[in-house]
Amino acid sequence: MNRSAETSLIDVLGRRHEKLTLLLGNGVNRYGSSGRHNSWADLLLDVANRHIPGVGDRLPSGVTATEVFDLSCLAAKSKDSEGLLQKEFCTSMASWRAYPHHERIVEWARERDHPILTTNFDQVLSESCNANVYHHGNSKFTYYYPWATYFGLGEIQRPSSAFGIWHLHGMMRYHRSIRLGLTHYMGAVHQARRWIHRGGGRLFSSARAIDTWSGSGTWLDAFFNNDLLVIGLSLDEVEVFIRWLLLERSRLFKNFPSLRRRGWFVCTKDGVSPGRELFLRGVGLTPIRVKDYHEIYQSTGWR
């Protein structure tokens, strides 16, 4: 066992963080038995094979998962192929369920009043704690970008300061919101950039804007205003939206040092290439290496 890495993860989980956001990726659904049931990759391959001849049982090299979705939309015969494919994904995820490690992680965050951000579309995390859906009142609701909508145990005053489960890439409850293709990611960048850099309510206007900017009632508040602990997310080159947000987060801290927050990226011992580690450290995420996924999702730090 890599004791130093495991101790580092336990140390981060055991600290009394004033403000911490847990950012969870699809890895939480790939661990253990859940990986055989809650499989996003299987869903994508199923959709692709229905519309693109010859895809087979795995994505061919040279094309990304996001591009495969866009290509499936182009190949589909319906004029509203994008919306129909988004709905197909959401319908297929309806049977996904929570496993004990989902429950442990959510309970850890709930007890400490830490927000959870997830790139997953499914409701596994919220169902693990019987959370209900709420909408933060300071932001306008849209089906395409329900970024002020969260799952929780009650209404909260501020996203960064209380437990809630927020979906960065959309939620299956609103099928038009889920970000599956490269075009979707570009749209999400455009949406966020309006609040971060444009107008009088932009985030970058001053250090004080962190409390009042246009995105302060959305999950972006928990992303920019808290320490980040990233788990189950590969952060490879295809994750253009989150990688861009991490760059913007670091630019914000560079411009306004008083806002600087810490960050950690949990990965297996051989799970980070030199280039990815260069990116992680450049945006202020310290890699925490563990021996295997068991040391992440079965860590005693969650108990």
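Every value quoted in this text rests on a predicted model; they were computed, and no experiment measured them. We number each residue from 1, following the sequence as shown.
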S.K.: Parallel, tilted or perpendicular: which fits the ring planes of F69 and H184, with parallel below 30° and perpendicular above 60°?
M.R.: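 Tilted, since the angle between the ring planes falls between 30° and 60°.
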
S.K.: Do NZ/NE/NH1/NH2 and the carboxylate oxygens of E248 and R251 come within less than 4.0 Å?
M.R.: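 Yes, this pair counts.
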
S.K.: Please give me the minimum heavy-atom distance between A131 and L153, naming the atom from each residue.
M.R.: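 The pair with the smallest heavy-atom distance is CA-CD2, 4.0 Å.
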
S.K.: Indicate yes or no for a side-chain donor-acceptor contact from R179 to the backbone of S177 under 3.5 Å, with no hydrogens or angles considered.
M.R.: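 Flag set: sc R179 to bb S177 pair under 3.5 Å.
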
S.K.: Is there a side-chain contact between V133 and R173 in this structure, where contact means two heavy atoms from C-beta onward sitting under 4.5 Å apart?
M.R.: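 In short, these two side chains touch, coming nearer than 4.5 Å.
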
S.K.: If I compare all heavy atoms of G56 with all of N49, which pair ends up nearest, and what's the gap?
M.R.: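 Minimum heavy-atom separation between G56 and N49: O-ND2, 2.8 Å.
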
S.K.: Would you check if L245 and I196 make a side-chain contact, meaning some heavy-atom pair closer than 4.5 Å?
M.R.: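 Counting from C-beta outward, L245 and I196 do come under 4.5 Å.
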
S.K.: Would you say L203 and L252 make side-chain contact, with heavy atoms under 4.5 Å?
M.R.: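 With C-beta onward as the side chain, the pair touches.
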
S.K.: For residues V238 and V63: do they belong to one hydrophobic cluster (side chain heavy atoms under 4.5 Å, members Ile, Leu, Val, Met, Phe, Trp, Tyr)?
M.R.: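 V238 and V63: separate clusters.
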
S.K.: Tell me whether D122 contacts the main-chain N or O of V124 through its side chain, where contact means a donor paired with an acceptor under 3.5 Å.
M.R.: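 A pair under 3.5 Å: yes.
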
S.K.: Indicate the atoms forming the closest heavy-atom contact of S72 with H51, along with that distance.
M.R.: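 Reported closest heavy-atom pair: O-CB, 4.0 Å.
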
S.K.: Decide side-chain contact (heavy atoms from CB on, under 4.5 Å) for R303 and W108; before the verdict, give the C-alpha distance in whole Å, the side-chain angles of both, and the deciding distance to 0.1 Å.
M.R.: CA-CA 7 Å; R303 297 178 174 84; W108 177 88; over 6 Å; no

S.K.: Give the intermediate values and the outcome of side-chain contact (heavy atoms from CB on, under 4.5 Å) for residues L20 and N226.
M.R.: CA-CA 5 Å; L20 176 75; N226 288 5; 5.7 Å; no

S.K.: Hey, what do you get for CG (L13) to CZ (R15), rounding to the nearest 0.5 Å?
M.R.: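 Those atoms lie 10.0 Å apart.
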
S.K.: Look at the side chain of S214 and the backbone N and O of R202, then say whether any donor-acceptor pair between them is shorter than 3.5 Å.
M.R.: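 Looks like no, no N/O pair under 3.5 Å.
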
S.K.: Got a sec: does the CZ of R58 have more than 12 other heavy atoms crowding it under 6.0 Å?
M.R.: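 Not more than 12 within 6.0 Å, no.
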
S.K.: Report yes or no: do Q123 and S126 form a side-chain donor-acceptor pair below 3.5 Å?
M.R.: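 Per modelled atom types, Q123 and S126 side chains form no pair under 3.5 Å.
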
S.K.: Exactly one of W219, F163, W166 should register a ring-ring contact (aromatic ring centres under 6.0 Å, His included) with Y150. Which one does?
M.R.: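 Answer to the ring-ring contact (aromatic ring centres under 6.0 Å, His included) test with Y150 among W219, F163, W166: W166.
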
S.K.: Can you list the steps and then say if Y145 with Y174 is a ring-ring contact (aromatic ring centres under 6.0 Å, His included)?
M.R.: CA-CA 9 Å; Y145 298 103; Y174 309 113; over 10 Å; no

S.K.: Minimum heavy-atom separation for E239 to L235, with atom names?
M.R.: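 Nearest pair, atom of E239 first, then L235: CG-CA, 4.2 Å.
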
S.K.: Is the closest side-chain donor-acceptor distance between E88 and H175 under 3.5 Å?
M.R.: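 Side chains of E88 and H175: no pair found under 3.5 Å.
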
S.K.: With heavy-atom distances below 4.5 Å as the criterion, would you say the side chains of W264 and D227 are in contact?
M.R.: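 Yes - at least one pair of side-chain heavy atoms lies under 4.5 Å apart.
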
S.K.: Between S299 and I10, which heavy-atom pair has the shortest distance, and what is it?
M.R.: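 Residues S299 and I10, closest heavy atoms: OG-CG1, 3.7 Å.
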
S.K.: Give the intermediate values and the outcome of side-chain contact (heavy atoms from CB on, under 4.5 Å) for residues V230 and L233.
M.R.: CA-CA 7 Å; V230 183; L233 191 64; 3.8 Å; yes

S.K.: Linking I/L/V/M/F/W/Y whenever their side-chain heavy atoms sit closer than 4.5 Å, directly or via other members, would L24 and F223 fall into one cluster?
M.R.: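 Each belongs to a different hydrophobic cluster.
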
S.K.: Going through the checks in order, is the side-chain contact (heavy atoms from CB on, under 4.5 Å) test met by K19 and S160?
M.R.: CA-CA 7 Å; K19 303 182 77 172; S160 62; 3.8 Å; yes

S.K.: Under 6.0 Å between ring centres, would you say that holds for Y31 and Y293?
M.R.: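 Centroid separation for Y31 and Y293: 6.0 Å or greater.
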
S.K.: Taking the side chain as C-beta and beyond, is there a heavy-atom pair between L44 and L59 under 4.5 Å?
M.R.: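 A side-chain contact exists here, since the closest heavy-atom pair is under 4.5 Å.
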
S.K.: Does K254 NZ have over 12 foreign heavy atoms under 6.0 Å away?
M.R.: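 It does not: K254 NZ has 12 such atoms or fewer within range.
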
S.K.: Find the distance between CZ (R112) and CZ (R16) and round it off to the nearest 0.5 Å.
M.R.: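 Going from CZ on R112 over to CZ on R16, the span is 9.0 Å.
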
S.K.: May I ask you to decide if G201's main-chain N or O and S205's side chain share a donor-acceptor pair within less than 3.5 Å?
M.R.: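 The answer is no, because no donor-acceptor pair under 3.5 Å joins these two groups.
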
S.K.: Is it true that L285 and L23 fall in one hydrophobic cluster, defined by side-chain heavy atoms closer than 4.5 Å?
M.R.: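 Result: yes, single cluster for both.
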
S.K.: Just one of F121, F151, W147 clears the ring-ring contact (aromatic ring centres under 6.0 Å, His included) bar with H167, so which one?
M.R.: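 Among F121, F151, W147, the one meeting ring-ring contact (aromatic ring centres under 6.0 Å, His included) with H167 is F151.
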
S.K.: Do L117 and L125 land in one hydrophobic cluster if side-chain heavy atoms of ILVMFWY residues count as linked below 4.5 Å?
M.R.: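 Looking at the clustering, L125 is in a separate group from L117.
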
S.K.: Assess R243 against F279: is NZ or CZ under 6.0 Å from the centre of the six-membered ring, and within 45 degrees of the ring's axis?
M.R.: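 Pair R243/F279 counts as cation-pi.
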
S.K.: Can you tell me how far the CD atom of E82 sits from the CG atom of D70, to the nearest 0.5 Å?
M.R.: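 It is 7.5 Å, given to the nearest 0.5 Å.
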
S.K.: Would you say the side-chain atoms of S81 pair up with the backbone N or O of C73, donor to acceptor, closer than 3.5 Å?
M.R.: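 Side chain of S81 to backbone of C73: a pair is present.
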
S.K.: Can R158 and D221 be counted as an ion pair, charged N to O under 4.0 angstrom?
M.R.: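 Between D221 and R158 there is a salt bridge, with a charged N closer than 4.0 Å to a carboxylate O.
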
S.K.: Is a side-chain N or O of R193 found less than 3.5 angstrom from the main chain of A188, in a donor-acceptor match?
M.R.: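 Pair absent, no side-chain N/O of R193 close to backbone of A188.
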
S.K.: What are the two closest non-hydrogen atoms of S128 and H102, and how far apart are they?
M.R.: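 Distance-wise, the nearest heavy atoms are OG-O, 4.1 Å.
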
S.K.: For atom CD of E277, is the number of surrounding heavy atoms from other residues, nucleotides or ligands below 6.0 Å larger than 12?
M.R.: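 Atom CD in E277 is packed in, count exceeds 12.
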
S.K.: In terms of heavy-atom contacts, does CD of E18 have more than 12 from other residues, nucleotides or ligands at under 6.0 Å?
M.R.: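 At most 12 heavy atoms, drawn from other residues, nucleotides or ligands, come within 6.0 Å of this atom.
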
S.K.: Counting N and O atoms only, with roles assigned by atom type, does the side chain of H17 sit under 3.5 Å from a partner on the main chain of V12, one being a donor and the other an acceptor?
M.R.: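 Side chain of H17 to backbone of V12: a pair is present.
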
S.K.: Quick check on Y144: does its OH atom have over 12 non-hydrogen neighbours (other residues, nucleotides or ligands) under 6.0 Å away?
M.R.: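 Counting neighbours around OH of Y144, 12 or fewer heavy atoms of other residues, nucleotides or ligands fall under 6.0 Å, so no.
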
S.K.: Can you tell me how far the CZ atom of R30 sits from the OH atom of Y297, to the nearest 0.5 Å?
M.R.: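 Answer rounded to 0.5 Å: 9.0 Å.
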
S.K.: Are V47 and V68 connected, step by step, through hydrophobic side chains (Ile, Leu, Val, Met, Phe, Trp, Tyr) whose heavy atoms are closer than 4.5 Å?
M.R.: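 V47 clusters together with V68.
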
S.K.: Apply ring-ring contact (aromatic ring centres under 6.0 Å, His included) to the pair W244 and H190, showing each step before the final yes or no.
M.R.: CA-CA 11 Å; W244 174 76; H190 176 73; over 10 Å; no

S.K.: Is it true that, when you exclude R208 itself, more than 12 heavy atoms of the residues, nucleotides or ligands shown sit nearer than 6.0 Å to its CZ?
M.R.: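 Count not over threshold, so no.
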
S.K.: Is the closest side-chain heavy-atom distance between I52 and L71 below 4.5 Å?
M.R.: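 Counting from C-beta outward, I52 and L71 do come under 4.5 Å.
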
S.K.: With the side chain counted from C-beta on, respond yes when P115 and L22 share a heavy-atom pair under 4.5 Å apart, and no when they do not.
M.R.: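 No, their side chains stay 4.5 Å or more apart.
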
S.K.: With side chains defined as the heavy atoms from C-beta onward, is the minimum distance between K87 and R176 less than 4.5 Å?
M.R.: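 No, too far: nothing below the 4.5 Å cut-off.
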
S.K.: I'd like to know if the side chain of Q86 and the backbone of I178 have a donor-acceptor N/O pair within less than 3.5 Å.
M.R.: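 Yes, because the side chain of Q86 sits within donor-acceptor range (under 3.5 Å) of the backbone of I178.
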
S.K.: Near F141 CZ, under 6.0 Å, is it more than 12 heavy atoms from other residues, nucleotides or ligands?
M.R.: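 Count over threshold, so yes.
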
